Peer 1: 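Pasting in a structure now, in structure tokens, and then I'll have a few things to ask.
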Number of protein chains: 2
Amino acid sequence: MGVMASPPRSSAAPPTRPPTARDRARAEITAEIMTAAREQLAEVGPGSLSLRAIAREVGMVSSAIYRYVPSRDALLTRLIIEAYDAIGAAAEDAQASVAAASAPEQFRAVWRAIRAWALTNPHQYALIYGSPVPGYRAPVDTVAPATRLPQVLLNILAAAGADGTIAAPPVVSEAAQRTLDPMVESVPDLDADRSALVAAITTWAALFGAISFELFGHIHNVVASEPESRAAFFDAQIDLVARLVGL
Amino acid sequence: MGVMASPPRSSAAPPTRPPTARDRARAEITAEIMTAAREQLAEVGPGSLSLRAIAREVGMVSSAIYRYVPSRDALLTRLIIEAYDAIGAAAEDAQASVAAASAPEQFRAVWRAIRAWALTNPHQYALIYGSPVPGYRAPVDTVAPATRLPQVLLNILAAAGADGTIAAPPVVSEAAQRTLDPMVESVPDLDADRSALVAAITTWAALFGAISFELFGHIHNVVASEPESRAAFFDAQIDLVARLVGL
DNA sequence: CACAAAAGTGAGCACCGCTCTTGCTTCCTC
DNA sequence: GAGGAAGCAAGAGCGGTGCTCACTTTTGTG
């Protein structure tokens, strides 16, 4: 506890110490817990996720789970990070698979992939884009994974802006442009003009609104419920919203 | 239990029987319960809403609450209906207060009012536009109140379409237009063309996406967090999205 | 006034998150 | 290699939840 009491090697930096058998067991059990947690999340949703049920599933007594997970909220945080990473990866993959296509086509492909991911992982989607769980406050660890998806969209728009694909860049008020100060400061190489950024964020929120409406039942009895209808409707929404950024 | 066993007056239809003292007491206590529920919802959010806590607040033993509310889910349904009505009324009031203004100005006023309501009632907002609560399925009673808000928007757009205010009506694919069959059938006097309807629904989802993003923290560190900045940013989003419907 | 319906009570069930004590095993360090 | 520290599993337990049930009390009415 005293100042300079601890030798350097015992401090926070782990000098590639070989993993012991216990370490491997711990990693394995932790993975088992996370798998069970993912399964339960997929079945019952975030609100009903139960540490006790997870413990039962991995054959543990309920209190033992706390050796691996500090709390239910911490588990949820892990799942949130996983979900952000998964949806971000889905967007990145979609973009990579059409990297040669035009910007509007990339935009469409990426948003279709995002919607597809949301439809196949509704509870994970709700976890990150639904209402925050009761007393939950997003820790810092989630911001980096949460950035992956919007980054893909920004990349597409930036490329389109650079090669002149964007026809009519939108115009927004000076006041609205100034509101992006925190973003422009935190993202180093952000040379897009701010009107385009406001429009980009608007499309981002708009299409997540569309996905949320579909997933949360707000277009029930409004849009035909067959999968093809829903897909066609979302395609139309993509095209409409794409105009906001001039695509 | 036998067929024709019960005399007509005892059947389901209440023939304007004057309310007894007990009826009034029941209505009063029910109102007390709903008030306590609203307060608790505003404080802790839908997920943590507790019947026992509500019972404590109104000075009841926990089991007595079930004489007035059949279950927690039923209470939530009531609160959902109230929330739909409240946000719908906010939209209607805003529209009524600017009924003489132009369609774009009405559009702005209504959406500003919706956002304002959401900011002052975040938990009620999350209740209806966030992720649905765990095992919850929206009963039929909620659809009518849920219609009030979109109806306001449709009215504005229909009026703008009728008097020629809408400059460039958007075009969407035939396939997307056909997806609106259920809506056109269920809403009797809906003479808007379907492209405009698709665009209208898109703006609807888009701006709720914007509000949800703000409320659920997705533009944290992106848009400056001062209330005036957020308002200016939302105004810009309104204007951008309004173009989708040609306003 | 008597009686039935409604309202209120308290115990109890099964579940939850989480804590703490108690043994046991594994690992690290002399 | 021995000893001690650290990690791990187990079980009991606390206070909370939704909800049910048998029971008593209140209350309106024929």
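Every chain is numbered from 1 and lettered A, B, ... according to where its sequence line falls, protein lines coming before strand lines. Everything numeric in this text was worked out from a predicted model, so none of it was measured.
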Peer 1: Near DNA chain C, counting only heavy atoms under 4.0 Å, which residues of residues 55-71 of chain B show up?
Peer 2: Met60(B), Val61(B), Ser63(B), Ala64(B), Arg67(B), Tyr68(B)
Peer 1: Do Ser225(A) side-chain atoms and Asn221(A) backbone N/O form a donor-acceptor pair below 3.5 Å?
Peer 2: no
Peer 1: Should the pair Arg112(A)-Asp235(A) be classified as a salt bridge under the 4.0 Å nitrogen-to-oxygen rule?
Peer 2: yes
Peer 1: Measure from CZ on Arg24(A) to P on dT26(C) and round the result to the nearest Å.
Peer 2: 13 Å
Peer 1: Looking at dG18(D), does its base get a donor-acceptor pair with the side chain of Arg52(B) below 3.5 Å?
Peer 2: yes
Peer 1: Taking the side chain from His123(B) and the backbone from Gln40(B), do they hold a donor-acceptor pair closer than 3.5 Å?
Peer 2: no
Peer 1: What residues form a side chain to side chain contact (heavy atoms under 4.5 Å, CB included) with Ser229(A), not counting sequence neighbours?
Peer 2: Ala224(A), Glu226(A), Thr179(B)
Peer 1: As a test of understanding, state which of Tyr129(A), Phe213(A), Trp117(A) forms a ring pair (Phe, Tyr, Trp, His ring centres under 6.0 Å) with Phe208(A).
Peer 2: Tyr129(A)
Peer 1: Can you measure Gln40(A) atom CD to dC16(C) atom P for me and round it to whole angstrom units?
Peer 2: 8 Å
Peer 1: Whole-Å distance between dG17(C) C1' and Ile54(A) CD1?
Peer 2: 12 Å
Peer 1: Applying salt bridge (charged side-chain N to carboxylate O under 4.0 Å, His left out), can you list everything that pairs with Asp181(A), at least two apart in sequence or on another chain?
Peer 2: Arg194(A)
Peer 1: When the distance from CD of Glu28(A) to C1' of dG7(D) is rounded to whole Å, what number comes out?
Peer 2: 17 Å
Peer 1: Nearest whole Å is fine: how far is dC16(C) P from Arg72(B) CZ?
Peer 2: 15 Å
Peer 1: Provide, to the nearest angstrom, the distance between the CG atom belonging to Leu51(A) and the P atom belonging to dG17(C).
Peer 2: 5 Å
Peer 1: Taking 4.0 Å as the cut-off, does a side-chain nitrogen or oxygen of Arg26(B) come that near to OP1 or OP2 on dA6(C)?
Peer 2: no
Peer 1: Between P on dC19(D) and CG on Asp73(B), what's the gap in Å once rounded to a whole number?
Peer 2: 7 Å
Peer 1: Considering only dG17(C), dA9(D), dC16(C), which nucleotide approaches the side chain of Ile29(A) most closely?
Peer 2: dA9(D)
Peer 1: Does OP1 or OP2 of dC15(C) have a side-chain N or O of Ser50(A) closer than 4.0 Å?
Peer 2: no
Peer 1: To the nearest angstrom, how far is Ile33(B) atom CD1 from dA7(C) atom C1'?
Peer 2: 12 Å
Peer 1: Between the main-chain N or O of Ile211(A) and the side-chain N or O of Arg115(A), is there a donor-acceptor pair closer than 3.5 Å?
Peer 2: no
